**Q** 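Okay, here's the structure, questions in a sec.
Fair warning: this is a prediction, and the values are worked out from it, not measured in the lab. Lettering of chains follows the sequences in order, A, B, ..., and the numbering in each one begins at 1.
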Amino acid sequence: MIEVNHLTKRYGNHCAVEDISFTVADGCIYGLLGPNGAGKSTTMNVLTGYISATEGTVKIDGHDILEEPKQAKSCIGYLPEQPPLYTDMTVREYLLFVAELKGVRKKAARKENVEQAMARTALTDMADRLIRNLSKGYRQRVGIAGALLGDPKLIILDEPTVGLDPAQMIEIRSLIHDLGKTHTVILSSHILSEVQAVCDQVLIIAHGKLVAQGTPEELAGKLAAQGAISATAMGSREAVLAAAGSVPGLANVQLTGEKGNEVSFTAASAAGADLRGALSEALAAAGCPVLSLSNQSISLEDVFLQLTEAAPEAAQATETQETMDTLEAAEAQTAPETVEPATSGEAPETPAAPASEAENKEGE
Amino acid sequence: MCAIFKRETKGYFTSMIGYVLVGAMLGFIGLYFAANNLIYGSPDFATTLNSTVIVLLFVLPALTMRSFADERRNKTDQLLLTSPVSIPGIVLGKYFAQLVVFCVPVAVACLMPLLLNSFGNVSLVSAYSAILAYLLLGGACIAVGTYISALTENQILAYLGTFGLLLVSFLMQGIKSLFTTGNTLALIVFGILLAVVAVIVGLACKSLTVGCGVFCGGAVVLVLVFQLRAAWLLTAFNAILGGLSLFVPFQNFIGGMFDVTGILYYLSVIALFLFLTGQALEKRRWN
């Protein structure tokens, strides 16, 4: 459906998207995941022909977006970051206009198309309201309805659930899920759980580069393979670290704090293995009483955050596995309480993510 | 194109701007019609129209200021540019919608010569050819305004820019009359123009040598012309100023002359500025 080859977009000296290549298969839901400013919107704007790429080519259904714009664009329904609404029109007028713009020639067909789109996005009650008077959530829906008109093969949605309340989010996600049965859908998001819930394939973008790609299960499997233990024990630094290092399966033992003769450290453990017992025994055998011991499993959100934050160093790493190594190093440095410090500073959205994940489960 | 044209036309008449423009134009045309033709009793409708030309300077920029500037500010251009509509289609759709708004007062003005005709002998041909020229003049002003609007996302800037440009064009006849003598002056002005062009070319090619080359080559030609045929410079200079005065060809119609060059002039101005508008939209995509 889409072939993107070595796509690069530069604004002056700033490189918004650098050398991204991927293909999108028919009939799948693709998620473009990345923090704010990662280049998701730029990528989508290039895909839809709103802006032109500095280098590289985009082919939609075999049509180059620059050379055959009309054919390529008629395959696409696009909801940009900010829905492009004429606020002085009513919902129905606007959608009829968009349908005509999309080349639905016959008046009756246009009307039917619009009614269908409104029904799908639950807008029928609002049909004769001025868009100016609608709330953000409804405006978003009008934008989505606009993207559905003309029955395009490919639907591109840029952050479709931003600004919606939880119930609306669930509705929109199930709508996207439905659309995925008949259309190819690409959506962007910075909310991992959302992508996980609806997408068949995930592309993670950070700092303008594609850092990982795969099904959510693959990514989750690869990325969440890490476990970590943080512990505090009494004794000399050398004795404690040596005891911890002697436990089989425990790697990357790092000192995180030393207060009097209390030594805190973290260590990475292999996936699924609970090494707390072994570590406790080893410390006791070395004559170092254990003061605290806890198992931290890294959530997908943390992994995503670290993956996207570590990207400048991981720039060359196109393989997920390579990125994983950098990740390990980065993770070990930022331990023990990876969750709070990493989240609060860089990505204000993440606190909302677990909540939305919960809603998701409800929704399903 | 059709969809955009319909939406835009409707948009002008659901907001105030269409009615205000039609009202203002009709008010002024009616005022001069009443004073000139009805009260004073002149059968010459072209002069009446000529008196209202200055109103175009103020009113038409208000019509064109929002066309592309507003789209860009509200990001609705994203819808148009990602739809299967070509850029010429977008530009023409918007242009014709504005033209339709301007056509409303002109259509009403078409009735006025008929009204006069029922009271006496009026040259309908000269009256209607003046109306046609008036329409084309307005069309040219709208094309200029559309282009300016495509350059900015600020409506006020678009208004002021269009107004300023039309004002300079309006005053150009007077400016031109200041330069009846002085070949040296023409040489200086051409020299400055050449320098500006050279700088632009140099920047566009990112090459100092090309810029300097353009300037040196142009300067040699200019000095040669100045030495051999000094009068050519002044003539060329006046011709350029004449070409910039948008309002002069219309005045040729007042005497009852049907000036084909004037019609062609307006049509080419419209085509040029609509083309430039398309280029401005295209360029924005490339940054």
Side-chain angles (χ1 to χ4, degrees), chain A residues 9-12 14 16 41-42 44-54 60 63 65-66 68-90 93-94 96-105 110 130-132 143 146-147 149-150 152 156 158, chain B residues 1-20 63 65-94 96-97 101 150 153 155 203-204 206 278-287:
Chain A
K9 178 69 187 175
R10 270 183 226 110
Y11 294 107
H14 170 67
S41 294
T42 306
M44 292 191 145
N45 279 336
V46 174
L47 287 186
T48 51
Y50 177 57
I51 54 176
S52 304
T54 315
I60 311 283
H63 304 290
I65 191 82
L66 287 179
E68 302 170 275
K70 227 169 179 170
Q71 287 91 330
K73 284 175 186 172
S74 59
C75 305
I76 304 174
Y78 180 37
L79 169 76
E81 207 172 4
Q82 186 187 334
L85 307 174
Y86 292 100
T87 51
D88 55 347
M89 299 171 100
T90 66
E93 279 172 353
Y94 171 77
L96 284 171
F97 163 66
V98 176
E100 195 174 353
L101 206 60
K102 293 268 171 77
V104 184
R105 290 258 173 267
R110 267 207 299 273
L130 278 182
I131 294 178
R132 185 187 303 153
L149 293 172
I156 299 184
D158 197 351
Chain B
M1 176 185 144
C2 218
I4 295 174
F5 169 72
K6 277 195 265 178
R7 198 210 82 78
E8 288 288 314
T9 315
K10 214 174 157 197
Y12 280 117
F13 289 106
T14 45
S15 68
M16 288 270 287
I17 186 83
Y19 294 106
V20 169
L63 178 69
M65 66 181 184
R66 53 165 257 185
S67 63
F68 282 101
D70 203 34
E71 297 267 355
R72 193 170 168 192
R73 199 174 53 89
N74 293 331
K75 305 232 165 132
T76 43
D77 59 336
Q78 224 162 354
L79 174 71
L80 301 182
L81 290 173
T82 57
S83 296
V85 184
S86 61
I87 284 185
I90 297 172
V91 174
L92 286 180
K94 290 203 157 251
F96 284 129
V101 178
E153 54 184 288
Q155 290 192 37
L203 285 179
K206 287 183 181 154
Q279 293 301 304
L281 291 183
E282 193 74 56
K283 182 182 164 281
R284 203 190 293 159
R285 295 165 70 195
W286 292 92
N287 278 327

**Q** In Å, rounded to the nearest 0.5 Å, how long is the span from OH of Tyr50(A) to CG of Leu81(B)?
**A** 6.5 Å
**Q** Can you tell me which portion of Asp70(B) sits under 4.5 Å from chain A's heavy atoms? Options are side chain, backbone, both or neither.
**A** neither
**Q** Rounded to the nearest 0.5 Å, how far does CD1 of Ile51(A) lie from OG1 of Thr82(B)?
**A** 12.0 Å
**Q** Is it the backbone or the side chain of Tyr78(A) that comes under 4.5 Å from a heavy atom of chain B, or both, or neither?
**A** side chain
**Q** What part of Glu81(A) lies closer than 4.5 angstrom to a heavy atom of chain B: side chain, backbone, both or neither?
**A** neither
**Q** Side chain, backbone, both or neither: which part of Ala147(A) has an atom under 4.5 Å from a heavy atom of chain B?
**A** neither
**Q** Does any backbone or side-chain atom of Leu96(A) lie under 4.5 Å from a heavy atom of chain B? Answer side chain, backbone, both or neither.
**A** neither
**Q** Side chains of Glu71(B) and Tyr86(A): closer than 4.5 Å at any heavy-atom pair?
**A** yes
**Q** Tell me the closest heavy-atom pair linking Trp286(B) and Ser52(A), and the distance in Å.
**A** CE2-OG, 3.4 Å
**Q** Can you see which heavy atom on Lys75(B) is nearest to which on Gln82(A), and at what distance?
**A** CG-OE1, 3.6 Å
**Q** I'd like to check Asn45(A) versus Gln78(B) (side-chain heavy atoms, cut-off strictly below 4.5 Å). Are they in contact?
**A** yes
**Q** Strictly below 4.0 Å, N to O, side chains only: are Arg7(B) and Glu100(A) in salt-bridge contact?
**A** no
**Q** For Val98(A), is it the side chain, the backbone, both, or neither that has a heavy atom closer than 4.5 Å to a heavy atom of chain B?
**A** side chain
**Q** Can you tell me which portion of Leu66(A) sits under 4.5 Å from chain B's heavy atoms? Options are side chain, backbone, both or neither.
**A** side chain
**Q** Do any N or O atoms from the side chain of Lys6(B) and from the backbone of Phe97(A) form a donor-acceptor pair under 3.5 angstrom?
**A** no
**Q** Which one, Asp77(B), Asn74(B), Ile4(B), Thr14(B), leads in non-hydrogen pairs under 4.5 Å with chain A?
**A** Asp77(B)
**Q** Roughly how far, to the nearest 0.5 Å, is the OH atom of Tyr94(A) from the OG1 atom of Thr76(B)?
**A** 8.5 Å
**Q** Select all residues of residues 83-94 of chain B having any heavy atom within less than 4.5 Å of some heavy atom of chain A, and report them by number, or 'none'.
**A** Ser83(B), Pro84(B), Val85(B)
